[in-house]
There are 2 protein chains.
Amino acid sequence: MVQHSEIELSECSDCPIRHRAVCARCEEDELDLLESIKYYRSYSAGQTMIWAGDRMDFVASVVVGVATLSQTMEDGRTQMVGLLLPSDFIGRPGREIAPYNVTAVSDVTVCCFRKRPFENLLVTTPHIGQRLLEMALDELDAAREWMLLLGRKTAREKIASLIAIIARRDAELKDALPEGRLSVTLPLTREAMADYLGLTLETVSRQISALKREGIIELEGKRRVIIPNLPVLMEQTGDDSDGGPIV
Amino acid sequence: MVQHSEIELSECSDCPIRHRAVCARCEEDELDLLESIKYYRSYSAGQTMIWAGDRMDFVASVVVGVATLSQTMEDGRTQMVGLLLPSDFIGRPGREIAPYNVTAVSDVTVCCFRKRPFENLLVTTPHIGQRLLEMALDELDAAREWMLLLGRKTAREKIASLIAIIARRDAELKDALPEGRLSVTLPLTREAMADYLGLTLETVSRQISALKREGIIELEGKRRVIIPNLPVLMEQTGDDSDGGPIV
DNA sequence: GACGTGCATTGATTTCGATCAACCCTTTGG
DNA sequence: CCAAAGGGTTGATCGAAATCAATGCACGTC
């Protein structure tokens, strides 16, 4: 289950998520405390990392890769409730049992902290709790935005929203405003997109084809999407046109 | 806009939400600090308390009444993203602009804290931040449960889930396990339920009628619902049958 | 090269919930 | 007393997305 990761991770100080994860606000000495209770785990694409109902003896941060958080009903209907990207947090202090499935979408490496010691640090090291609060509130905002999408948007708006969100996140990681064409890789299969958007995979496929037919997106293979004109795509999302800051 | 409240609220120590709100973990001295920056506001049923886009100079706790958090698209489609009951928190430390509409469903009284001083307390008084984190994580869980409902449940399952959730909450406030018949008041209009469930008000009405016709619920007026047999209702929600602790 | 498998696309048909519309009941107020 | 308004119910019809089903790749693998 535990895979060997190519890059040997060890020093928090040169960790790729040092300034965005739970540890973001920590000083050097606080980092040392975290360092002493951490260990890495890796999973390969497609693996279930955690099953809903499992006992959890750790919390963790995604270091590299993409994972999903999902809920499944007895008859198999499933709904993704979160997309976990590098720096996102897994688990909840004070909780014994995992409420959701966590699945690796790509190869994933996580930085784990043993739960008890982490909970103690939470009390003694305010910077960790403060950052965790900030992250929880951000996730809450994201969840609420997704509730609007799930409850009220059409299939076309859902697809456009998903592509736009991924594009915006990518753009902001790479460089500021690539106003022209931009190209993004969908980190999810059609089925995973369907589970995220509350659709069937057939509807996802049809709507992507429709957007392509209309020239709003172009496809390069199945996974790579080229967006000739982001504002045009944004118009299809149903969101306020003034969609956020320009830079 | 500010209404006169019948009961004169003042002492935190005999506040009805003293042990469930942000202040739940505070010691007496910490409570005094909060007391010094607090003030009450009241709103009457139907009033919009906060508009999305408004500048917010306070955060608050609901003391009495029910309010809703909602998002609206340009064309009027709206989705409720939260139901605010006594002890629930409004606003976000560090945020200037309200992202959601907050609407009083019944007459509502809130306990407000000026934002700047509250943010300072958050740094100096760890008990507040700890409780806020706990509450944020609870809301995140609720939001994710709702995502499953919005994305994957049928209209009938949505209605049954809503009634069951209200019934369970009521039951737990009043007395432990009223195993037999129980009776709950829906705090929402049909339209508000529709906005919560991602349905139209006609569908809400039809599904309630259907549950009534099948004897799963009984109606007393429009708002009061009698549940002869909670487990039978629970079966209609689509959730795991072992639905949580028996007590 | 043939075969099987996983992922994706496309078509035909059905269905659930939306939409359009009429009507009921209760409250409020001139 | 009647009119108007707000909330709710019910019926007829429509349409978007689900469902059922076939087909099309791009792979590994034997």
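Naming convention: chains lettered A, B, ... in sequence-line order (proteins, then strands); numbering from 1 in each chain. Basis for what follows: all heavy atoms, side chains included, without hydrogens, waters or symmetry-related copies.
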Any side-chain N or O of Arg223(A) less than 4.0 Å from the OP1 or OP2 oxygen of dC7(C)?
-> no

To the nearest angstrom, how far is Lys153(A) atom NZ from dA16(D) atom P?
-> 18 Å

From CA spacing to verdict: salt bridge (Lys or Arg N to Asp or Glu O under 4.0 Å), Lys153(B), Asp239(B) = CA-CA 10 Å; Lys153(B) 288 191 177 179; Asp239(B) 292 329; 2.8 Å; yes

Answer yes or no: is there a donor N or O on one side and an acceptor on the other, between the side chain of Glu235(B) and the main chain of Val232(B), under 3.5 Å?
-> no

Using whole Å, report how far CZ of Arg190(B) lies from C1' of dC24(C).
-> 14 Å

Taking five pairs at each end of the helix from dG1(C)-dC30(D) to dG30(C)-dC1(D), what angle separates the two helix axes (nearest 10°)?
-> 20°

Kindly state each residue pair satisfying salt bridge (Lys or Arg N to Asp or Glu O under 4.0 Å) with at least one member in residues 185-196 of chain B, sequence neighbours excluded.
-> Arg152(A)-Asp195(B)

Below 4.0 Å: OP1/OP2 of dT10(C) and any side-chain N or O of Ser205(A) | no

Starting at CG of Leu188(A) and ending at P of dC7(C), how long is that distance when rounded to a whole Å?
-> 13 Å

Pick from Arg181(B), Lys212(B), Arg213(B): which one makes a salt bridge (charged side-chain N to carboxylate O under 4.0 Å, His left out) with Glu218(B)?
-> Arg181(B)

So, Asp138(A) side chain and Leu140(A) main chain: donor-acceptor pair closer than 3.5 Å or not?
-> no

Atom-pair distance (CG on Asp195(B); P on dG7(D)), nearest Å | 13 Å

With Phe89(A) via ring-ring contact (aromatic ring centres under 6.0 Å, His included) - residues at least two apart = Phe118(A)

Taking CD from Gln207(A) and C1' from dG15(D), how many angstroms apart are they, rounded to a whole number?
-> 13 Å

Any donor-acceptor N or O pair under 3.5 Å, side chains Gln236(A), Arg156(A) = yes

Looking only at dT9(C), dG8(D), dA8(C), the nucleotide nearest the Thr189(B) side chain is dG8(D)

Between protein and nucleotides 18-28 of chain D, what N or O pairs are separated by less than 3.5 Å?
| from | atom 1 | to | atom 2 | distance (Å) |
| --- | --- | --- | --- | --- |
| dA18(D) | OP2 | Thr200(A) | N | 3.4 |
| dA18(D) | OP2 | Thr200(A) | OG1 | 3.1 |
| dA18(D) | OP2 | Thr203(A) | OG1 | 2.4 |
| dT19(D) | O4 | Arg206(A) | NH2 | 2.7 |
| dC20(D) | N4 | Glu202(A) | OE2 | 3.1 |

Between Arg77(B) (CZ) and dG17(C) (C1'), how many Å, whole number?
-> 15 Å

Is there a residue in residues 154-165 of chain A whose heavy atoms reach under 4.0 Å of DNA chain D, and which residues are they?
-> Thr154(A), Ala155(A)

For Ile217(B) and dT9(D), what is the distance between atoms CD1 and C1' respectively, to the nearest whole Å?
-> 14 Å

With Arg95(A) via salt bridge (Lys or Arg N to Asp or Glu O under 4.0 Å) - residues at least two apart = Asp141(B)

Between the main-chain N or O of Ser44(B) and the side-chain N or O of Asp107(B), is there a donor-acceptor pair closer than 3.5 Å?
-> no

Using modelled atom types only, decide if a donor and an acceptor are shared between the side chain of Gln71(A) and the backbone of Thr78(A) within a distance under 3.5 Å.
-> no

For the pair made of CG in Leu150(A) and P in dA17(D), what is the distance, rounded to whole Å?
-> 13 Å

Taking 4.0 angstrom as the limit, do Glu139(A) and Arg144(A) come out as a salt bridge?
-> no

